[in-house]
Asks: 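This is the structure, below, for whatever I ask next.
Keep in mind that this is a model prediction, so the values were computed, not measured. Note that ligands are numbered from 1 as they come in the structure, with each ligand's atoms numbered from 1 the same way.
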Amino acid sequence: MPVSSDRYAYLGPQGSFAEAAARRLPSLVNAELEPHSTVHAAIDAVRSGDVAGAVVPLENSVEGSVNTTLDELIRGEPVLISAELLLPVTFTLMSRPGTELAAVRHVITHPVAEAQCRTWLSKNLPDVPVSLGSSTSAAAEAVATQSASLDGTPYDAAIAAPIAAEHYGLVALADDIGDDHEAMTRFVLLTQAGRPPRATGSDKTSTVAYIRDDHPGALLEILEQFATRGVNLTRIESRPTGNGMGRYCFVVDFEGHVNDARVGEALMGLRRVCAEVRYLGSYPRADGVRPPIGRGMTNDDFRHAAEWLESLRNGS
Ligand SMILES: O=C(O)C(=O)Cc1ccccc1
């Protein structure tokens, strides 16, 4: 489907960390942003061409991958990672005006926030149930509207971004309650599958690799493709394929752009040894790091080697 708009989706409602990430992405400064209630809905709006892109959380420095997003990338209709952004995240416990901490009976938040506030929760609200919602701002909204949980008790506090309190007329009961005060979340901008943004010299590429016929050394074969071309991995993670017990694929992120010769060679090697490889995109690195390129691994080195081979074949 062709893209027919300059609107971008984010995991909403308003006041989510995803909205903060979208507002910080340089390529979205003049874009119209629209909230979607789930990661799936935001990404589907990209697939159908309703929006030009979607900003969703992918990875957290404490909790690891956001599996709902990762599984969309692995199993859903293909989309492309076009940009990434690292957002520092701080969590606030918030409630309706007049509610004291001692009166909190039911907390609601997003699973990533719950995982990062466990120490504070176990110390300060040890017996209080924590329900999980689709986003931190949806949790704040549920508290503001006095929504009831499945057991009928209303949610009376949410863990969300400080800005969510302003949006939903809530007040902070405790600030900065995360276990790690330096926690970061990696957000990605997803666009329709197609040509990746141009190489900048500080890029990353993401792929999903499926082993061909389970056998000893299958993972080593995958890793070799990168090692022998001097391509440094930034993340590798296994996820179930969704097709039977014990069947896993590998999500592999690495330094470089698909247009870099060493990355192209590594991708071709990967394609030869794997049953299937899904290309998830090449995009500028959020940390701006320009990694050194190993000896014999520059674009010129690969070009000279190809010219040399051609001369052997031509007998010139
Ligand atoms: O729920 C949100 O606001 C999100 O954007 C997802 C999330 C939740 C917790 C930490 C980082 C991102």
Side-chain angles (χ1 to χ4, degrees), residues 8-25 28 31 33-46 51 53-73 79 81 83-95 107-121 130-145 147 155 157-170 172 174-190 235 237 286-287:
Y8 286 79
Y10 67 87
L11 171 64
Q14 281 192 344
S16 65
F17 288 110
E19 182 187 9
R23 296 204 179 280
R24 282 192 194 196
L25 268 171
L28 267 53
L33 300 180
E34 75 179 36
H36 285 248
S37 57
T38 61
V39 165
H40 175 77
I43 300 178
D44 249 8
V46 175
V51 295
V55 178
V56 290
L58 181 58
E59 187 185 350
N60 183 271
S61 59
V62 177
E63 218 357 54
S65 284
V66 177
N67 287 336
T68 37
T69 306
L70 199 56
D71 290 344
E72 284 286 340
L73 295 178
V79 284
I81 303 177
E84 67 169 8
L85 184 120
L86 291 173
L87 185 79
V89 283
T90 56
F91 301 104
T92 295
L93 183 80
M94 54 191 72
S95 187
V107 172
I108 180 164
T109 190
H110 183 272
V112 173
E114 185 274 334
Q116 286 186 69
C117 299
R118 273 185 202 144
T119 310
W120 189 93
L121 285 167
V130 181
S131 288
L132 302 177
S134 54
S135 71
T136 54
S137 49
E141 191 176 42
V143 172
T145 55
S147 299
Y155 301 116
I159 300 173
I163 194 159
E166 287 169 38
H167 268 297
Y168 298 100
L170 303 176
D175 279 313
D176 206 4
I177 64 170
D179 298 344
D180 173 7
H181 301 288
E182 314 280 287
M184 299 271 232
T185 298
R186 178 177 167 226
F187 288 84
V188 284
L189 170 64
L190 302 176
R235 184 171 77 123
E237 173 159 0
D287 59 13

Asks: Do the two ring centres, one from Y10 and one from F17, sit under 6.0 Å apart?
Replies: no
Asks: Check whether any side-chain N or O of H36 sits under 3.5 Å from a backbone N or O of T38 as a donor-acceptor pair, and report yes or no.
Replies: no
Asks: Test of understanding: with side chain to side chain contact (heavy atoms under 4.5 Å, CB included), list the residues that count as partners of P88, not counting sequence neighbours.
Replies: R24, M184
Asks: Between S65 and R235, does the side-chain hydrogen bond (donor to acceptor under 3.5 Å, both in side chains) criterion hold? Intermediate values first, please.
Replies: CA-CA 10 Å; S65 284; R235 184 171 77 123; 2.7 Å; yes
Asks: Could you list each N/O atom of ligand 1 together with any protein N/O atom closer than 3.5 Å, one pair per line with the distance?
Replies:
{"from": "ligand 1", "atom 1": "1 (O)", "to": "T136", "atom 2": "N", "distance (Å)": "2.7"}
{"from": "ligand 1", "atom 1": "1 (O)", "to": "T136", "atom 2": "OG1", "distance (Å)": "3.3"}
{"from": "ligand 1", "atom 1": "3 (O)", "to": "F17", "atom 2": "N", "distance (Å)": "2.9"}
{"from": "ligand 1", "atom 1": "3 (O)", "to": "T136", "atom 2": "OG1", "distance (Å)": "2.6"}
{"from": "ligand 1", "atom 1": "5 (O)", "to": "A18", "atom 2": "N", "distance (Å)": "2.9"}

Asks: Can you name the ring pair (Phe, Tyr, Trp, His ring centres under 6.0 Å) partners of F187, sequence neighbours left out?
Replies: none
Asks: Please list, chain by chain and in numerical order, all residues satisfying ring pair (Phe, Tyr, Trp, His ring centres under 6.0 Å) with Y155, sequence neighbours excluded.
Replies: H106
